K.L.:
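Mind having a look at this structure? Questions to follow.
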Amino acid sequence: MMPFDPSALTLEMLVAALGLGVLILGLIVPHGSRHGLGWLSFFGLLGIMGVALSMWGDNRELLSGMYLLDNYALFWKITFMLSAALVILGCMRYVDSMGGQAEYYSMIIFATLGMMVMASAGDFITLYLGLELMTIAFIILVCFRKMEAKSVEAGMKYILLAGMSSAVLLYGLSLLYGLTGSVIILEVSRIIALQPVTPALVLAVVMLVAGLGFKISAVPFHMWTPDVYEGAPTPVTSFLAMGSKAASFAILLRLFIAGLPGIWENWTMVVAILAAVTIIFGNLVAIPQTNVKRLLAYSSIAQAGYILVGLVTATEAGIKGVMFYAFLYVFATVGAFTVATYFYHVTGSDELKDYAGLSQRSPLMAAVMLVAMLSMAGIPPLAGFVGKFYLFKTIVDGYLWLVFIGLIMSMVSVYYYLRVALVMYRDEPADPTPIKLPSPVAVTLIVAMVVTLVIGIYPGPLSEVVNEAAHTFFMH
Amino acid sequence: MEFPILLTILLAPVAAALILAFVPKEEHMLIKCVAAVGTFVSLALSLFAYFTYDKTVGGLQFVFGHNVTWIKDLGVTFFLAADGISLPMLLLTNLIGFSAVFASWNVNNRPREFFILLMLLITGVMGTFIAHDLFIFLLFYEVVVIPIYILVIIWGSSKRVTKEYAGMKLTIYLLIGSAFLLVGVIALFVKTTALAGTPDMSFTGLAQAAAQLSRFDQIWLFALMLFGFGSLVSMWPFHSWSPDGYAGAPTAVSMIHAGVLKKIGGYGLVKIAVYMLPVGASFWAPYMAVLGVCGVAYAALGALAQKDLKYIVGYSSVSHMGYVILAVACLDVIGLNGAVANMFAHGVMAALFFSMIGFIYEKTHTRWIPDLGGLARQTPRLAAGFMLAALASLGLPGLVSFIPEFTIFISSFHNYGGLAVIGIAGIIITALYVLRAGANTLFGPPRPEYDHLQDIRGPEMVPLVVLGTVLVVGGLLPSLLFDVINSSVVPLHAAISDALQIGGKF
């Protein structure tokens with residue numbers, strides 16, 4: 001057995017140190033200068049991302065497979081840190097008005113840490129540890145506006161349902177342990193391959209699907225999503241929509257494709273149906289929404305359905321599709337939710353009708369909202385189109401019906417996205433005062449928009465990187 | 001290195017849009033001039049490209065970026081090229097784009113946003129015609145959807161249908177069509193990659209690999225593409241967006257939409273669907289011919305019943321596109337020549353028609369024929385433009401649309417006999433409704449309420465001069481058009497008939 005090399009955990013240790021540092025500094029510095037904590041967290045995460053980039057290509061197993069270091073995990077970690085950094089950059093003004101900066105930023109950083117542990121988890125215990133770290137941080141974040149009934153209600157719902165889904169997942173994991181006598185994913189896969197499919201195994205898989213289905217809010221496990229997304233502070237919603245979802249996809253792939261390879265092939269039809277139902281439901285229910293956050297919540301359910309498409313084939317191409325889509329989804333989500341955050345900060349409203357004339361009050365906000373939404377809808381030349389191309393090309397042979405459903409529903413989604421465009425562009429504003437954007441918000445918006453456009457027009461480089469990352473998935 | 005003429009043509013309007021973003025929004029005149037200059041550069045360069053295209057060699061010319069790897073694992077290259085089929089379309093886009101700027105000279109409500117969107121729209125349309133890579137083609141294909149939607153909902157008119165309805169109908173029809181097209185493209189790509197071993201998204205590469213597809217695959221893939229491109233070219237029965245959409249859209253959008261955007265559908269049918277899937281095409285050709293003839297007859301009768309000028313032209317454009325479908329269905333050299341030439345001719349004519357109707361509406365605030373009359377007395381230049389477009393619409397010899405229609409009749413009669421007779425009969429109805437519309441709008445006793453009207457003048461004359469010149473010159477010298485088209489249709493047809501012979505069809 002190889003000696004344990006602590007330098008392999010550099011990233012996780014740095015992030016933990018950053019989180020603790022922000023928390024402690026919050027106690028020391030006076031009230032007036034606490035907004036600097038946001039900048040500290042932002043630049044701290046950027047710096048750690050720089051370290052992460054230097055670890056590219058370092059592929060190994062630690063502690064006989066308990067912790068996996070590979071490009072696959074590293075790509076996810078960079079995605080999580082990037083989304084955390086962008087969320088922090090876009091919401092500093094909002095957090096200043098809410099108070100409690102130190103706790104807020106450190107919770108975001110700890111949630112990120114949880115996600116990073118999930119990405120590298122090679123056994124059930126590590127996986128569960130990361131998952132809980134993330135979930136508990138999110139519970140605190142969701143009810144951060146503790147004086148508002150909606151936020152507290154969202155927190156209650158999230159704590160109950162997250163707890164329940166964790167329990168279900170744990171049942172599934174312990175059943176698997178009981179069947180195989182191992183918690184290490186790679187070993188489990190070796191042992192299971194030799195066993196016949198028993199009812200207990202089927203039950204375990206069902207529980208895993210249900211438990212993780214909650215996290216990615218796939219229909220029919222999506223019930224909590226709209227209420228929690230609406231009630232939570234908007235930046236938290238955006239981090240929940242991209243970070244938590246992406247991390248859950250990272251372990252979904254590991255658990256099912258690496259951990260249950262033989263079994264998974266019997267399940268692809270179930271996943272295909274799950275994806276189809278999620279896409280259809282999310283898009284259809286989004287149509288009548290009048291609250292922008294709820295609309296985005298339902299659209300994010302639909303987006304989860306699209307990403308599920310990549311799991312159907314359980315091949316490298318499918319994994320690549322999932323990672324590519326998750327990455328660009330981060331930028332679309334950051335764009336749309338940062339607009340919503342700042343709009344709420346200025347007007348105190350999330351209602352669609354109040355977005356009237358936004359294009360005249362702030363052309364940048366309106367443009368970013370439009371670009372972000374159309375990227376989610378998959379309209380070229382925005383990034384979402386390429387992402388959908390990669391996802392759907394994997395299932396043409398065998399699941400052509402799902403390609404039809406996915407693409408037709410994404411055109412249906414244009415209908416409700418364009419309703420937002422209609423309000424923003426056609427209507428005259430009730431209050432024509434221009435909205436002045438502070439520079440961090442403007443930078444966040446411009447980054448989100450430019451990246452979405454650039455990936456859409458010239459996806460070559462990102463696609464190469466994702467190829468390298470997906471390639472290491474099957475190396476262990 | 002050679003001067004990248006196609007790239008410059010493509011990027012000139014983008015550059016104009018970027019400059020516009022920094023022009024103060026009160027400087028209306030400056031905004032319009034920047035837009036005019038941007039489109040003029042593209043127009044001048046595409047005229048240059050058109051006339052320097054080497055017809056004796058034919059095939060792809062002005063090639064740019066065929067070795068620039070764009071997405072490696074999809075085999076995408078940034079391949080721009082023009083041949084005798086795309087050049088007339090490119091020229092048409094720029095003729096109409098340039099005229100559309102002047103037809104919108106009187107837009108004074110948020111002009112900066114208007115012209116930025118117009119520039120993006122023109123860029124998207126041009127991109128589809130010069131892309132020689134299917135992925136790049138798709139990138140441009142839907143770029144146009146969003147500018148059009150915003151242009152319609154802000155600057156459109158709500159005379160008979162609300163502009164919101166019109167905008168949404170245009171958008172949803174096109175997107176649902178393109179969803180099916182996209183399924184077809186993805187499936188084609190996956191299947192050809194499996195056959196060829198390496199991914200290649202260029203038109204040529206796909207066509208070569210697709211030749212090995214099974215007959216069944218060719219047939220269902222062609223059906224998807226026919227649906228996608230067919231709904232864009234307003235093939236009956238997927239045409240109903242066309243009259244409503246044009247009625248709600250502002251003049252410039254109607255011009256570009258009817259003039260060139262629709263033609264992307266016809267262009268895609270010829271250069272993508274038929275070229276890559278000839279076996280599928282020969283299976284569906286008889287059905288296409290029936291749909292084409294239905295479109296001709298149905299839309300012509302529909303136009304006969306309309307009293308709104310934009311609806312008449314809207315239905316008439318559906319009817320003319322029916323001829324294009326019929327011509328493509330012939331799958332021979334004469335038919336394909338006629339299809340491409342007719343798209344060019346109809347584009348010029350429809351754009352002129354819509355710009356004149358736009359001016360009539362701007363000045364009289366109505367498009368309702370019973371409220372109009374005798375305008376020839378008060379606005380003679382406007383009337384001249386209107387009549388020129390009307391006569392071109394009915395295929396008067398000496399104007400650009402006569403020879404293309406004649407070509408189509410020859411080919412369709414040869415291939416489909418009786419069916420073609422119905423199609424040809426459509427021309428009688430066309431004559432009936434355009435002449436009646438012209439007579440009731442322009443002639444008869446002048447109405448006193450229109451005595452104060454100013455005739456078109458200054459910048460407003462540009463659409464009439466530019467498009468009118470093309471109508472006449474193209475009519476007198478049809479070889480200018482046909483020689484270029486023919487130089488690329490002949491090799492295309494040779495490729496199709498080779499594939500069909502291997503497929504054991506003939």
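Convention: sequence-line order gives letters A, B, ...; per-chain numbering from 1. Model, not experiment: these values are computed from the prediction.
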K.L.:
What's the separation between atom CG in A:Leu422 and atom CE in B:Met168, rounded to the nearest 0.5 Å?
P.N.:
7.0 Å
K.L.:
Which answer fits B:Leu182, side chain, backbone, both or neither, if we ask what part of it has an atom under 4.5 Å from a heavy atom of chain A?
P.N.:
both
K.L.:
So, do A:Pro363 and B:Lys25 sit near enough that their side-chain heavy atoms are less than 4.5 Å apart?
P.N.:
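A:Pro363 vs B:Lys25: side chains apart.
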K.L.:
A:Leu370 versus chain B, heavy atoms under 4.5 Å apart: side chain, backbone, both or neither?
P.N.:
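Answer is side chain: those atoms of A:Leu370 sit under 4.5 Å from chain B.
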K.L.:
Considering heavy atoms only, which positions within residues 218-234 of chain B lie below 4.5 Å of chain A?
P.N.:
B:Trp220, B:Leu224
K.L.:
Mark yes when over 12 heavy atoms from residues, nucleotides or ligands other than B:Phe216 sit less than 6.0 Å from its CZ; otherwise mark no.
P.N.:
no
K.L.:
If you count heavy atoms of other groups shown closer than 6.0 angstrom to NE2 of A:His471, is the number above 12?
P.N.:
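Not more than 12 within 6.0 Å, no.
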K.L.:
Please look at A:Leu382 and chain B and tell me whether the side chain, the backbone, both or neither of the residue comes under 4.5 angstrom of a heavy atom of that chain.
P.N.:
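Nothing of A:Leu382, per the 4.5 Å heavy-atom cut-off to chain B.
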K.L.:
Could you list all the side-chain hydrogen bond (donor to acceptor under 3.5 Å, both in side chains) pairs where at least one residue sits in residues 139-156 of chain B, not counting sequence neighbours?
P.N.:
B:Glu142-B:Ser178
K.L.:
Please determine, among B:Val185, B:Ile146, B:Val183, the option with the most heavy-atom pairs under 4.5 Å with chain A.
P.N.:
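Answer, by heavy-atom pair count under 4.5 Å with chain A: B:Val183.
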K.L.:
If we define contacts as heavy-atom pairs under 4.5 Å, which of B:Ile150, B:Leu74, B:Thr69 has the most with chain A?
P.N.:
B:Leu74
K.L.:
Quick check on the interface: out of B:Ile172, B:Ile176, B:Asp73, B:Ile154, who has the most heavy-atom pairs with chain A under 4.5 Å?
P.N.:
B:Asp73
K.L.:
When only pairs under 4.5 Å are counted, which of B:Lys72, B:Lys191, B:Arg110 shares the most heavy-atom pairs with chain A?
P.N.:
B:Arg110
K.L.:
Any side-chain heavy atom of B:Phe78 within less than 4.5 Å of one from A:Tyr458?
P.N.:
no
K.L.:
For A:Phe385, which atoms come within 4.5 Å of any heavy atom of chain B: side chain, backbone, both, or neither?
P.N.:
side chain
K.L.:
If I compare all heavy atoms of A:Leu407 with all of B:Ala179, which pair ends up nearest, and what's the gap?
P.N.:
O-CB, 3.8 Å
K.L.:
Does any part of the side chain of B:Val143, heavy atoms only, come nearer than 4.5 Å to the side chain of A:Pro380, both counted from C-beta?
P.N.:
no
K.L.:
Within the structure provided, determine whether B:Phe180 and A:Ile408 are in side-chain contact (heavy-atom separation under 4.5 Å).
P.N.:
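Sidechains of A:Ile408 and B:Phe180: in contact.
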K.L.:
Report yes or no: does B:Trp70 contribute a side-chain atom to a donor-acceptor pair with the main-chain N or O of A:Pro459 at less than 3.5 Å?
P.N.:
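It does not hold such a pair.
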K.L.:
Please state whether the rings of B:Phe135 and A:Phe389 are parallel, tilted or perpendicular, taking 30° and 60° as the class boundaries.
P.N.:
perpendicular
K.L.:
Tell me the closest heavy-atom pair linking B:Leu175 and A:Val414, and the distance in Å.
P.N.:
CD1-CG1, 3.4 Å
K.L.:
Heavy atoms only, distances under 4.5 angstrom: which of A:Val412, A:Ile379, A:Asp427, A:Val386 has the most pairs with chain B? Name it, please.
P.N.:
A:Ile379
K.L.:
Should A:Tyr415 and B:Thr171 count as side-chain neighbours, where that means a heavy-atom distance under 4.5 Å?
P.N.:
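Sidechains of B:Thr171 and A:Tyr415: no contact.
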K.L.:
For a quick test of reading the model, state the closest non-hydrogen atom pair linking A:Lys393 to B:Val190 and the distance between them.
P.N.:
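For A:Lys393 versus B:Val190, the nearest heavy atoms are O-CG2, 3.4 Å.
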